[in-house]
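Counting starts at 1 for both ligands and their atoms, following the listed order.
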Amino acid sequence: MPVNLINNSSTVQLELPKSKASAEVRLFGATVTSWKAAGGSERLFLSSAAALDGSAAIRGGVPIVFPVFGSPKDHADAPKLITKLGKHGFARDHEWAISTHVPRIDEADKVAVTLELNTDSKPEIKAVWPFSTVLRYTVTLAPNTLHCAFSVHYLDSSNGAEMPFHALLHNYLLVPDATKASIQGLNGLYYIDKVKGGEEARVDTDDFTLDAQPIDRVHVGRHKVAPAGEPTRDIKLVYNASLLQDPLGRMGKGVELTRSATIADTVVWNCAEEGNKGIADLEQGGWKKYVCVEPGAVHGFQTLAKGSTWVAEQTLTAW
Ligand code: TA6
């Protein structure tokens, strides 16, 4: 069966036997923890020290950040209503369920599963989030792509207020060597540099390399000088791997990311060697194996009216 429940029903495994593509999605946090494109080579980083027992958000894969990016106190515009939320919100550290509302796709070259989190069913979420909300997440595997569709359904609330939120897909992309990898597609974007205390600057190269320095930047999709209607930018992560780093050339050249216009911002994060020491669930030397490239809606809060739905989608393509 190409869609299986494994590990005591804690994980959904998607498989395409012909191309040898596969993916694993944990019910905890709806976190995709493995994606192997055609040929079977892993494309996501998962720390060997990550907690996989539900005691903490998973360090690696694709955690979902919702409904706040960072802590509410990081945002001067955070509405009072949501100041009790923890860092990066609650989607990534709660158990989701397999949706009974959306049929699973199970075809020769495409398999998908939909997970769901109903905030009303979790008292600890209700205590900090005054909106009845259903989150749905559909992960679709094709031979060379992983498609992730995240939707927010605002059902009800006692005060009828608009729902404020951020959302982001926190992709930990596996790289042969983070100091060699480069990111294309950010050129010209204005960004907020969290390593430099929130300084603002603009990217001036189309081949941005990390160079072993800590990086934590929020690139604003709709940058200040962009003419109205500028298309959403696509990102290419280029491995720049030498034969030494990938002797059999199995990993390919990189990963391309495209997304819906709803998640036009792009966060780039790597903690570098010095930051690695302070992150207990990041394996030693783990910083060199990942680059986080995270499409999101995190610059300013989105608002959703009661009864409405918001959708964000990304496609990762192995090349
Ligand atoms: O998305 C980047 C970021 O917000 C960084 O500031 C860094 O803290 C990272 O996420 C990881 O956060 P976490 O809570 O998972 O340790």
Contacting atoms of ligand 1, where contact means under 4.0 angstrom from a heavy atom of Phe69: 1 (O), 4 (O)
Aromatic centroids of Phe66 and His166 separated by under 6.0 Å: no
Atom indices of ligand 1 within 4.0 angstrom of Glu294 heavy atoms, with elements: 1 (O), 2 (C)
Closest approach of any protein heavy atom to atom 16 (O) of ligand 1, naming residue and atom: Arg59 NH2, 3.0 Å
Check: Phe131 ring centre within less than 6.0 Å of Phe165 ring centre: no
For Val267, the ligand 1 atoms whose distance to one of its heavy atoms is below 4.0 Å: 1 (O), 2 (C)
Under 3.5 Å donor-acceptor, Thr317 side chain and Thr145 backbone: no
Closest non-hydrogen atom pair between Glu200 and Ile192, with its separation: CG-CG1, 4.5 Å
Parallel, tilted or perpendicular, as decided by the 30° and 60° cut-offs, for the rings of Tyr190 and His299: perpendicular
Which residue and heavy atom of the protein sit nearest atom 5 (C) of ligand 1, plus the separation: Asp216 OD2, 3.2 Å
Residue, atom name and distance, where the atom is the protein heavy atom closest to atom 3 (C) of ligand 1: His88 NE2, 3.8 Å
Whether Asp216 side chain and Lys194 backbone form a donor-acceptor pair below 3.5 Å: no
Whether His75 and Phe69 hold their rings parallel, tilted or perpendicular, with breakpoints at 30° and 60°: tilted
Protein residue, atom and distance nearest to atom 8 (O) of ligand 1, heavy-atom basis: Lys87 NZ, 3.1 Å
Ligand 1 contact on Arg92 by region, counting heavy-atom pairs under 4.0 Å: side chain
Polar atom proximity, His170 to ligand 1 (N or O, under 3.5 Å): yes
